[in-house]
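To start, the structure itself, in structure tokens.
If you're wondering where the values come from, they're calculated on a predicted model, not measured in any experiment. Because only heavy atoms are used, hydrogens play no part in the values below, and waters and symmetry mates are left out as well, while side chains stay in.
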Amino acid sequence: MEQVAKNYESMSDLKLLELVKNPKELRLEVLPLLQKELINRGKSDEALSISNYLIQTKIEPNFGTYSKQELTEIISERIDRGESIESIKIDLKDNGIDMFELLSVDDKLKNSSIAS
């Protein structure tokens with residue numbers, strides 16, 4: 001996933017906009033990375049179009065394929081974009097993930113690394 005994010009960072013605006021035109025041709029797990037890069041470049045309408053695609057087709061990312069670190073990053077990004085914690089919590093719960101348990105584990109890991 002890190003490599004995909006780097007690839008998006010190196011692409012031209014034109015190439016990113018081409019990808020947005022056909023989101024169904026992309027893997028679901030890369031769509032948040034594409035959205036993030038679009039937002040970083042000030043292309044919020046295009047980033048929103050990906051969300052609209054997911055809503056219209058009722059496709060949700062399979063959160064079970066992400067590591068705890070990746071899930072934590074996804075949660076942070078969604079919060080940074082202004083999404084409500086309740087909305088994120090429900091989305092994750094629907095996919096069998098307890099957001100607060102995940103964040104608690106992340107905090108414990110951070111605290112143990114600080115103590116080391």
Side-chain angles (χ1 to χ4, degrees):
M1 295 302 277
E2 211 171 294
Q3 186 59 43
V4 172
K6 287 180 183 179
N7 286 341
Y8 287 154
E9 288 175 15
S10 68
M11 287 182 181
S12 69
D13 286 358
L14 186 60
K15 180 64 178 167
L16 288 176
L17 296 175
E18 296 256 338
L19 293 175
V20 172
K21 290 179 182 177
N22 297 305
K24 63 184 173 212
E25 294 180 12
L26 300 171
R27 294 188 336 252
L28 291 176
E29 61 267 19
V30 303
L31 291 175
L33 300 173
L34 178 56
Q35 281 183 308
K36 180 180 177 184
E37 186 58 30
L38 290 165
I39 290 168
N40 288 343
R41 295 183 188 203
K43 308 280 185 201
S44 55
D45 289 341
E46 290 82 358
L48 183 59
S49 74
I50 293 173
S51 295
N52 290 334
Y53 164 75
L54 292 171
I55 291 167
Q56 288 172 355
T57 57
K58 297 186 181 184
I59 295 174
E60 297 177 3
N62 180 1
F63 291 109
T65 62
Y66 291 103
S67 70
K68 287 184 179 183
Q69 179 182 352
E70 289 172 321
L71 284 169
T72 303
E73 290 172 7
I74 290 169
I75 291 167
S76 295
E77 289 171 9
R78 290 173 71 171
I79 290 170
D80 290 345
R81 288 194 309 255
E83 189 171 344
S84 75
I85 291 175
E86 189 63 28
S87 170
I88 298 167
K89 179 181 144 190
I90 291 168
D91 189 20
L92 292 172
K93 185 177 180 184
D94 287 347
N95 286 281
I97 297 169
D98 181 344
M99 179 176 87
F100 295 107
E101 181 181 318
L102 177 69
L103 294 175
S104 174
V105 168
D106 188 51
D107 286 342
K108 288 177 187 175
L109 290 173
K110 286 179 186 174
N111 290 335
S112 68
S113 68
I114 292 171
S116 299

* Kindly state each residue pair satisfying side-chain hydrogen bond (donor to acceptor under 3.5 Å, both in side chains) with at least one member in residues 4-15, sequence neighbours excluded. => Q3-N7, D13-R41

* Structure fact -> S44 meets the side chain to side chain donor-acceptor pair (under 3.5 Å) criterion, sequence neighbours left out, with none

* To do: Not counting sequence neighbours, which residues clear salt bridge (charged side-chain N to carboxylate O under 4.0 Å, His left out) with E46? List them please.
  => none

* In terms of hydrophobic clustering (I, L, V, M, F, W, Y; side-chain heavy atoms under 4.5 Å; direct or indirect links), are I50 and L16 co-clustered? -> yes

* Asked: Do you know which of L31, L34, V30 makes side chain to side chain contact (heavy atoms under 4.5 Å, CB included) with L19?
  -> L34

* To do: Would you name the heavy atoms of I39 and A47 that are closest together and state the gap between them?
  => CG1-CB, 3.7 Å

* **Those residues that, when tested against E77, pass side chain to side chain donor-acceptor pair (under 3.5 Å) (two or more places apart)** => none

* Structure fact -> CG (L28) and OH (Y53) are apart, to the nearest 0.5 Å, by 6.5 Å

* In Å and rounded to the nearest 0.5 Å, what is the CD to CE distance from E73 to M1? -> 10.0 Å

* Structure fact -> Taken to the nearest 0.5 Å, the spacing of L38 CG from D45 CG works out to 10.5 Å

* **salt bridge (charged side-chain N to carboxylate O under 4.0 Å, His left out) against E18, all qualifying residues, sequence neighbours excluded** => none

